[in-house]
Amino acid sequence: IKTQALEAMILDPWDVLMFKRLLEKDRSGAQQETREVQLALYHTGLGFFCQGSDPIDPSIALTTEFLHLKIRIKFLNGETSYSAVELYHNRPKVLKKSLTLNSKAVPTIKFFV
């Protein structure tokens, strides 16, 4: 699932373990540098729980674009529990803006759920 600056993938538990090991290895072995793409593991109930050497600012989870992406991920994952903030951002008028974002833009942040 993509938006203008975010990209997300739904992973199975084995993939999560693999990416977690790779991100931990990246974080422990690499020098702190800014990258074109930032990677992180994200749980819809817990938030960001594993990141690489170029961490994502956790305040991004409060942006409208992130919330729209999170809502779609929760829906595709079969979740039925949404916070008041997520429900507010799921209103048709607000959601229409999110769905019409330019999907051809180069994603700058990728996170996996």
Side-chain angles (χ1 to χ4, degrees):
I1 303 171
K2 291 182 182 182
T3 66
Q4 194 167 12
L6 303 171
E7 184 175 339
M9 295 172 52
I10 299 173
L11 303 175
D12 67 35
W14 294 109
D15 289 334
V16 170
L17 285 175
M18 180 192 69
F19 275 103
K20 186 174 184 212
R21 287 185 187 131
L22 291 171
L23 288 170
E24 288 171 346
K25 184 178 178 182
D26 177 58
R27 189 177 59 238
S28 65
Q31 40 181 296
Q32 298 293 330
E33 60 184 48
T34 303
R35 297 186 175 171
E36 187 175 328
V37 177
Q38 294 171 288
L39 300 174
L41 290 171
Y42 181 86
H43 185 278
T44 57
L46 304 172
F48 292 105
F49 65 93
C50 187
Q51 301 198 41
S53 63
D54 186 16
I56 296 170
D57 181 0
S59 66
I60 195 166
L62 304 174
T63 65
T64 300
E65 186 176 4
F66 186 92
L67 287 169
H68 287 279
L69 189 60
K70 182 179 175 183
I71 291 165
R72 287 184 252 160
I73 289 167
K74 287 177 82 168
F75 176 79
L76 291 173
N77 208 27
E79 294 183 43
T80 58
S81 176
Y82 297 90
S83 70
V85 173
E86 291 167 348
L87 290 173
Y88 172 81
H89 283 85
N90 199 30
R91 295 184 341 230
K93 186 177 185 180
V94 178
L95 198 55
K96 184 178 177 186
K97 277 186 179 179
S98 172
L99 294 174
T100 57
L101 291 172
N102 179 6
S103 62
K104 294 187 183 245
V106 177
T108 56
I109 297 174
K110 293 186 180 187
F111 61 95
F112 308 99
V113 289

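When a residue number appears, it is its place in the shown sequence, counting from 1. No hydrogens, no waters, no symmetry mates; every other heavy atom, side chains included, goes into these values. All figures in this text were calculated on a predicted structure; none of them were measured in a lab.
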Is [Y] close to [X] at the side-chain level, that is, under 4.5 Å between some pair of heavy atoms?
{"X": "Phe49", "Y": "Val16", "answer": "yes"}
{"X": "Leu22", "Y": "Leu39", "answer": "no"}
{"X": "Pro55", "Y": "Arg27", "answer": "no"}

Please give me the minimum heavy-atom distance between [X] and [Y], naming the atom from each residue.
{"X": "Leu6", "Y": "Leu69", "value": "CB-CD2, 3.6 Å"}
{"X": "Asp15", "Y": "Asp12", "value": "N-OD1, 2.8 Å"}
{"X": "Ala5", "Y": "Glu65", "value": "N-OE2, 2.9 Å"}
{"X": "Gly52", "Y": "Leu23", "value": "N-CD2, 3.7 Å"}

* Asked: Who are the side-chain contact (heavy atoms from CB on, under 4.5 Å) partners of Tyr82, not counting sequence neighbours?
  ->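 With sequence neighbours excluded, Tyr82 shows a side-chain contact (heavy atoms from CB on, under 4.5 Å) to Ile71, Lys74, Phe75, Glu86, Leu87, given in chain and number order.
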* CG/Leu17 to CG/Leu41 distance, rounded to the nearest 0.5 angstrom? -> 9.5 Å
* Is a side-chain donor or acceptor of Asp26 paired with a backbone partner of Ser53 at a separation under 3.5 angstrom? -> yes
* **Partner set under side chain to side chain donor-acceptor pair (under 3.5 Å) for Ser59, not counting sequence neighbours** =>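 Scan of Ser59 (side chain to side chain donor-acceptor pair (under 3.5 Å), adjacent residues dropped) gives Asp57.
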* Asked: How are the rings of Tyr42 and Phe48 set to each other: parallel, tilted or perpendicular (split at 30° and 60°)?
  ->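 Ring orientation, 0 to 90° scale: perpendicular.
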* Using links of under 4.5 Å between side-chain heavy atoms of ILVMFWY residues, direct or through other members, which residues join Leu67 in one cluster? -> Val85
